[in-house]
There are 2 protein chains.
Amino acid sequence: MTSQAIEPIAITSLAEEAFSKLVQLITSGAYSPGQRLSESELARQLGISRGPLREALGRLEGRLVTRTPRIGIRVIDFRPEEVSQLFLVREALEGMAARLASENMTTGEIEHLRALLEEHGRQPDISAGQAYHQGVGDDDFHFATIKGARCEHLEKLLLDQVYYHLRLHRLRASAQPGRAQAAFAEHREILAALVTRNPDAAEGCMRRHIRNARLNALSSLAGSARDSREERWHA
Amino acid sequence: MTSQAIEPIAITSLAEEAFSKLVQLITSGAYSPGQRLSESELARQLGISRGPLREALGRLEGRLVTRTPRIGIRVIDFRPEEVSQLFLVREALEGMAARLASENMTTGEIEHLRALLEEHGRQPDISAGQAYHQGVGDDDFHFATIKGARCEHLEKLLLDQVYYHLRLHRLRASAQPGRAQAAFAEHREILAALVTRNPDAAEGCMRRHIRNARLNALSSLAGSARDSREERWHA
DNA sequence: GCAAGGAAAACTGTTGACAGTTGCAAGCCC
DNA sequence: GGGCTTGCAACTGTCAACAGTTTTCCTTGC
């Protein structure tokens, strides 16, 4: 007898798979903000009938698309003042996340964060003031901090909504000279507050960091420089 | 010639109407947290085919219902620690809303809020420590404060998500003796900060108020007293 | 050349039918 | 009596067809 465990077949549906696929397509830039999505065309491309597709699009409604009855579906498109608001929401939620992280993160997680920043600090682009390339997933400073907060609601709002919106709008970093360095320095201040388990400092530093990111994003929008599809939504 | 303006016919769809109807049904308590919803039965009761209903349920997914493929739909049901988290999110968002309201509310709006509290203060139930009956819509202190913040993202998150969840779970107020009076007093402190246009004070008072509401809700849950369907999600 | 109108194509919204799956009840066996 | 198995009804997931609406393109007239 072999002790090979049999993996259960993952149960899914076409609607679910279409939803995931569309989230990935939209947030990766395959469609621009404001772009019209044709249900008929999408169904053809995905190789499914329109029923489950409509269901998936329903799930996306109010998150990444807007639907006008009888007209169709568009990828959401924020006005500049809405982008600004997004950072206010982010400030509130990520400030709270940092506060909770200072209380709930394990020693190992904080160490991971420290090592992450150390590695980030070796990027030549930062000292040159050009860019701050962050990792993805666990290697992203913000992602790791949010996870460390141990608050599913917060996490869900940030990762499944706020961050999608940031990605969709390609908010640029380092448009201002020296911003990459400043962002990195701010990360280090946040880490210091986490290490000392100081909730007020953690929240305060994170909020200031997001406020600076907001100012940076706003000046980018003022320049109307939407020429790059490179994802820089952070700092 | 009459100058009677002709109102355009509102364009909607069965899916949209079903969505609105379901939101109302779920948040008004027609279905309990965790309850199974039958698509076949709902379609019969609403008098529509299952297509648009599935679309409406798709929109509700991740907001007020969870779907398990091939099994069906359930009204969301938060564990106690998730309820607690909901108040942390609320604290962050409503704290920010109060900050923005102190900066953005018109004199008329602040006056309306003052009049609202004055009227609330005449409720005999409050001095008796029994309950704090709040109005609905514009006559609700929190609702009015959030509107006064002038931040659509914040408003949408709070009114279309956080508050739905609070209503769904029937979080009780005034379970602790004296809570109604304390809640009312806290409202007045928030108002004072708004009147003086002090963002830090407004945020600080609102956050403390929500923290106290959280403690109150948690002690209600500890008592496992879910015997009333009366909607008291506030204080 | 431009604007208006009409026709056709493509689209969106909805329904009903079919296939596969799940849950419940009844029957049988120990 | 309890547990297990089987069968059937009801359900969920999907598709294709139909009806109504919108968009696009072409023609005509000024």
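Order of the sequence lines fixes the chain letters, A, B, ..., with proteins taken first and strands second; residue numbering starts at 1 for each chain.
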Test of ring centre spacing under 6.0 Å for B:His187 and B:His120: no
Non-neighbouring partners of A:Arg70 that pass side-chain contact (heavy atoms from CB on, under 4.5 Å), sequence neighbours left out: B:Ile11
Sugar-phosphate or base contact per nucleotide [nucleotides 8-20 of chain D; S, B, -; heavy atom under 4.0 Å]: ---SBBBB-B---
Heavy atoms of other groups near B:Glu111 CD, more than 12 under 6.0 Å: yes
Under 3.5 Å side-chain donor-acceptor pair for A:Ser84 and A:Glu81: no
Gap between atoms CG and P, on B:Leu46 and C:dT15 respectively (whole Å):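 Atom CG in B:Leu46 sits about 11 Å away from atom P in C:dT15.
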Atom-pair distance (CD1 on B:Ile11; C1' on D:dT22), nearest Å: 11 Å
Interatomic spacing from CD in B:Glu91 to CD in B:Gln85 - rounded to 0.5 Å: 13.5 Å
